[in-house]
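Since this is a predicted model, take the numbers as computed values, not measurements.
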Amino acid sequence: MEERLKCYLKEMEAQSAKWEKQGEDAMSEQERKCRMEDLLIQIGFFRHERLIHLIVTAVFALITMLAILGTLIAPQPALFILIIFLMILLIPYIRHYYILENGVQKLYRYYDRLAAQSLDVILRENRKK
């Protein structure tokens, strides 16, 4: 999912640069609407993935904290090994969640930019009438 997010973000960055270079009239209102709908669908996918990883990360962090607490109460070699194992797993989970969170935030900004452009086009058309 991380690769899919990175590829989609690159595509959106390229599209955004193209739109800024050509101006607001670079795409029709219908094309902008389709882009916004597609973006909302992708945001939904990535938000779901982000939620699942948040839950998994929180559970791993909770288990890690319980293992640390257990080690403080009753030190045993098995608990030390468990803590090391959990920390090794927790770090990639945190990294992946960080990437998902930042990626979804960028997608929100692209959506907001498209929505603002749509609003600007509508306002300009109303002023002409």
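Listed by chain and number, the residues in a side-chain contact (heavy atoms from CB on, under 4.5 Å) with D38 are Y8, Q42 (sequence neighbours excluded). With sequence neighbours left out, L40 forms a side-chain contact (heavy atoms from CB on, under 4.5 Å) with Y111. Contacts of Q105 classified as side chain to side chain donor-acceptor pair (under 3.5 Å), with partners at least two apart in sequence or in another chain: E101. For the side-chain contact (heavy atoms from CB on, under 4.5 Å) test, residues two or more places apart in sequence or in another chain that qualify with I99 are E2, L5, R95. The salt bridge (Lys or Arg N to Asp or Glu O under 4.0 Å) test applied to R113 returns E20, not counting sequence neighbours. For R4, the salt bridge (Lys or Arg N to Asp or Glu O under 4.0 Å) test picks out no residue, with sequence neighbours left out.
Other members of the hydrophobic cluster containing L54, listed by chain and number, are Y97; membership follows side-chain contacts under 4.5 Å among ILVMFWY residues, whether direct or relayed.
Sequence neighbours left out, not one pair with a member in residues 64-78 passes side chain to side chain donor-acceptor pair (under 3.5 Å). Applying the ring-ring contact (aromatic ring centres under 6.0 Å, His included) rule to pairs touching residues 54-85 yields F60-Y93, sequence neighbours excluded.
Closest non-hydrogen pair, L39 versus Y110, comes out as CD2-C, 3.8 Å. Residues L82 and A67 come closest through the heavy atom pair CD2-CB, 4.1 Å.
For the pair S16 (side chain) and M12 (backbone), a donor-acceptor distance under 3.5 Å is absent.
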